Amino acid sequence: MITGKNYIGNQLSAKGNKNFKTFNPLLNVENDWEITEASEEEINDAATLAAESFKVYSKFSGTKKAQFLRAIASEIEDLGDELLEVFSAESGLPNGRAVGERGRTLGQLLAFADHVEVGNWIEASIDTAQPERQPIAKVDLRKMNTALGPVVVFGASNFPLAFSTAGGDTAAALAAGCPVIVKSHPMHAGTGDLVASAIINAAQKTGMPNGVFSNLNSSGIEVGQLLVQNPHIKAVGFTGSHRGGRALYDLAAKREEPIPVFAEMGSVNPVIILPKALQNRAKEIAKTYSGSITLGTGQFCTNPGLILGIKSEGLNNFVETLAEEIVKIEPSVMLHPNITGAYEKNKATALSQKGIEVLADYETEVKPNYVRQAVTTVEGNTFLNNTTLHHEVFGPYSIVVQCENKEQLEDVISKLEGQLTGTILSDDDEIASHTNIVNVLQDRVGRIIFNGVPTGVEVCPSMHHGGPYPASTDSRFTSVGVDSIKRWARPFSYQDWPNSMLPDELKNENPLGIFRNLNGGLTKENI
């Protein structure tokens with residue numbers, strides 16, 4: 001049952017004097033449940049509790065943290081159909097998407113449980129002493145990753161489960177040993193409330209310290225700002241717009257003690273179609289990409305918003321077919337009227353640019369909060385000279401850039417801002433003769449897809465979901481997969497420390513049986 005209150009550790013609280021409701025974009029009405037916005041007192045209480053709990057929780061073994069994460073997954077699953085119904089009521093997304101996203105959320109929690117239980121993520125490194133070394137004796141040094149401290153996680157608008165209350169950021173931070181305060185997204189605060197209750201139940205059942213998790217509500221930006229500025233907070237996780245992520249980044253940098261903000265932001269995810277691919281299968285590619293552009297109403301961070309090709313008959317065929325196919329797809333609902341409004345505004349800005357040709361713009365009247373997909377095209381020179389065309393239009397929109405030759409194509413790619421993904425479509429091994437394009441694209445993106453679509457992010461250790469700024473604020477880290485745990489940890493060294501006082505990960509006898517870098521070699525052997 002939705003409480004509408006804030007979770008300050010294990011306690012429900014409603015000290016705020018402002019209430020708000022979430023919105024059902026499919027029915028175009030407010031939902032019944034009221035949510036209470038967190039007060040400044042509640043924010044401070046949650047941060048203080050998190051700091052106190054960190055002293056205990058950060059010392060818990062991987063096994064104990066794994067028990068907590070598995071219990072969270074079990075409690076979320078036990079929420080049953082109510083969670084799915086509230087998810088759909090607050091997002092307009094169908095039940096199938098709710099089931100799929102819940103499955104991904106549970107899978108992430110269980111993957112992190114396994115990851116910390118094995119324990120290799122701490123990257124233990126040991127260089128034993130050499131007292132006889134001349135002219136200076138070598139000291140004993142042992143290094144491992146250790147938790148940063150309390151983390152604030154901002155729920156994402158487009159993933160009410162997988163990137164929100166118990167999503168990847170939260171799972172990774174808890175796995176690292178960091179207490180988490182979630183700033184619930186106002187568009188799906190009811191969903192967040194239910195998931196928060198599951199996390200609190202799991203914390204109590206597994207003996208976690210009070211304050212290891214809190215969930216705070218807010219309809220605006222004030223609660224998030226106060227959280228980021230609170231001195232107890234040591235890091236921030238964010239998935240959303242470039243404007244929001246950059247504002248948090250700047251706010252965190254201005255603190256007396258600056259802290260890292262790991263923000264995953266906008267991306268147009270360029271798709272390069274090489275000449276032979278255009279010649280041999282232009283229509284097939286166009287049909288595939290009409291579906292990718294409109295998938296989920298274009299509300300994925302990996303939506304293909306930019307398609308690049310060299311002028312040819314094949315490119316003409318692609319453009320014509322894409323225009324024909326994309327208007328065959330029925331428009332769908334966006335997550336919220338605010339997102340609908342932003343899409344229409346940004347699309348209008350793009351369409352108003354000089355040199356833009358509209359290939360297809362769904363013209364039939366649509367229901368409230370539904371949006372019409374559109375594809376446009378532009379000359380390579382025009383695109384290079386107008387950076388407004390480089391910006392993301394979040395929704396079912398894409399622009400095809402028609403380049404004069406391979407050199408201009410490379411130039412266009414090199415002038416792009418940082419992106420999450422880049423895709424290359426190739427036939428007959430032609431990619432072998434386009435290594436410059438591959439190299440230029442690699443410099444601009446965090447992941448390259450070959451002969452596929454960028455929509456869809458596999459959750460596994462080899463996934464990198466991040467990229468050069470502004471795709472993310474730190475291209476060295478991923479926000480998807482178990483390696484995302486590294487965002488919430490810092491290296492720490494012990495010098496000449498008594499073996500009995502070392503953490504188990506660094507003791508001579510290696511009681512955890514983990515892989516360690518011992519004097520330059522990876523091994524599970526003891527010392």
Side-chain angles (χ1 to χ4, degrees), residues 2-9 11-25 30-50 86-87 89-91 150-161 163-167 169-170 173 179-197 199-200 211 213-233 235-241 243-252 255 259 261 263 265 335-339 342:
I2 298 171
T3 67
K5 299 180 181 180
N6 299 286
Y7 282 89
I8 315 299
Q11 302 298 315
L12 279 171
S13 177
K15 296 179 180 178
N17 55 16
K18 181 179 179 181
N19 293 334
F20 65 95
K21 291 185 176 183
T22 59
F23 194 84
N24 187 323
E30 285 188 329
N31 289 305
D32 293 335
W33 43 90
E34 280 200 341
I35 307 294
T36 301
E37 187 149 347
S39 66
E40 188 169 351
E41 180 184 354
E42 289 170 319
I43 294 166
N44 292 331
D45 288 347
T48 301
L49 270 178
V86 174
F87 174 105
E90 293 187 323
S91 66
V151 169
V152 169
V153 171
F154 285 77
S157 65
N158 59 339
F159 281 90
L161 291 175
F163 275 89
S164 291
T165 314
D169 286 352
T170 297
V180 171
I181 301 173
V182 167
K183 208 297 285 182
S184 186
H185 199 285
M187 291 183 189
H188 45 75
T191 304
D193 183 287
L194 291 172
V195 175
S197 70
I199 298 174
I200 295 300
F213 177 83
S214 293
N215 185 70
L216 302 181
N217 296 304
S218 172
S219 60
I221 63 173
E222 293 81 8
V223 170
Q225 289 175 329
L226 289 172
L227 281 169
V228 172
Q229 293 173 307
N230 190 287
H232 290 307
I233 302 305
V236 176
F238 173 86
T239 301
S241 69
R243 180 181 177 183
R246 183 56 195 249
L248 295 176
Y249 183 87
D250 290 343
L251 197 63
R255 288 176 29 143
I259 58 173
V261 173
M265 301 178 288
L335 293 160
H336 192 273
N338 291 349
I339 296 180

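Just so it is clear, the model here is predicted, and its values are computed rather than measured.
- With sequence neighbours excluded, the residues that form a side-chain contact (heavy atoms from CB on, under 4.5 Å) with L226 are E40, I43, Q229.
- In this structure, I199 and Y7 have side chains that are not in contact, with every pair of non-hydrogen atoms separated by 4.5 Å or more.
- In this structure, CD1 in I200 is found 9.5 Å from CD in Q11, a value given to the nearest 0.5 Å.
- Taking every heavy atom of both residues into account, I35 and G190 meet most closely at CD1-N, 4.2 Å.
- Side-chain atoms of S197 come within 3.5 Å of backbone atoms of L194 as a donor-acceptor pair (strictly under, hydrogens ignored).
- When side chains are defined from C-beta on, F213 does not count as touching V153, because their heavy atoms never get closer than 4.5 Å.
- With hydrogens and angles disregarded, no donor-acceptor distance shorter than 3.5 Å links the side chain of S13 to the backbone of N6.
- In this structure, S91 and H188 have side chains that are not in contact, with every pair of non-hydrogen atoms separated by 4.5 Å or more.
- Heavy-atom minimum distance, A189 versus T22: N-CG2, 3.6 Å.
- To the nearest 0.5 Å, the span separating NZ on K21 from CG on D32 amounts to 6.5 Å.
- Taken from CG in D169 to CZ in F163, the straight-line distance is 7.5 Å, to the nearest 0.5 Å.
- T191 and P160 make their closest contact through CG2-O, 4.0 Å (heavy atoms, listed as atom of the first residue, atom of the second, distance).
- Of all non-hydrogen atoms in M187 and N338, the two that sit nearest each other are CE-CB, 4.4 Å.
- Here the CG atom belonging to L248 is positioned 8.0 Å from the CD atom belonging to Q225, to the nearest 0.5 angstrom.
- Between the side chain of S164 and the backbone N or O of F159, at least one donor-acceptor pair lies under 3.5 Å.
- Taking every heavy atom of both residues into account, A196 and N215 meet most closely at CB-CB, 3.6 Å.
- Between K15 and D45 there is a side-chain heavy-atom pair separated by less than 4.5 Å.
- Using a 4.5 Å heavy-atom cutoff, the side chains of I339 and S157 are in contact.
- Taking both residues in full, the closest heavy atoms of G245 and M265 are given as CA-SD, 3.7 Å, listed atom of the first, atom of the second, then distance.
- T3 and D193 form a side-chain donor-acceptor contact under 3.5 Å, judged by distance and modelled atom types alone.
- Under a 3.5 Å cut-off, the side chain of R255 and the backbone N or O of N230 do form a donor-acceptor pair.
- Under the rule for a side-chain contact (heavy atoms from CB on, under 4.5 Å), the partners of A46 that lie at least two apart in sequence or sit in another chain are I8, I181, S214, L216.
- Applying the 6.0 Å contact sphere to CD of E34 captures more than 12 heavy atoms from other residues, nucleotides or ligands.
- At least one side-chain heavy atom of N217 sits less than 4.5 Å from a side-chain heavy atom of F20.
- At least one side-chain heavy atom of E90 sits under 4.5 Å from a side-chain heavy atom of W33.
- Side-chain contact between P25 and H336 is absent, with no heavy-atom pair separated by less than 4.5 Å.
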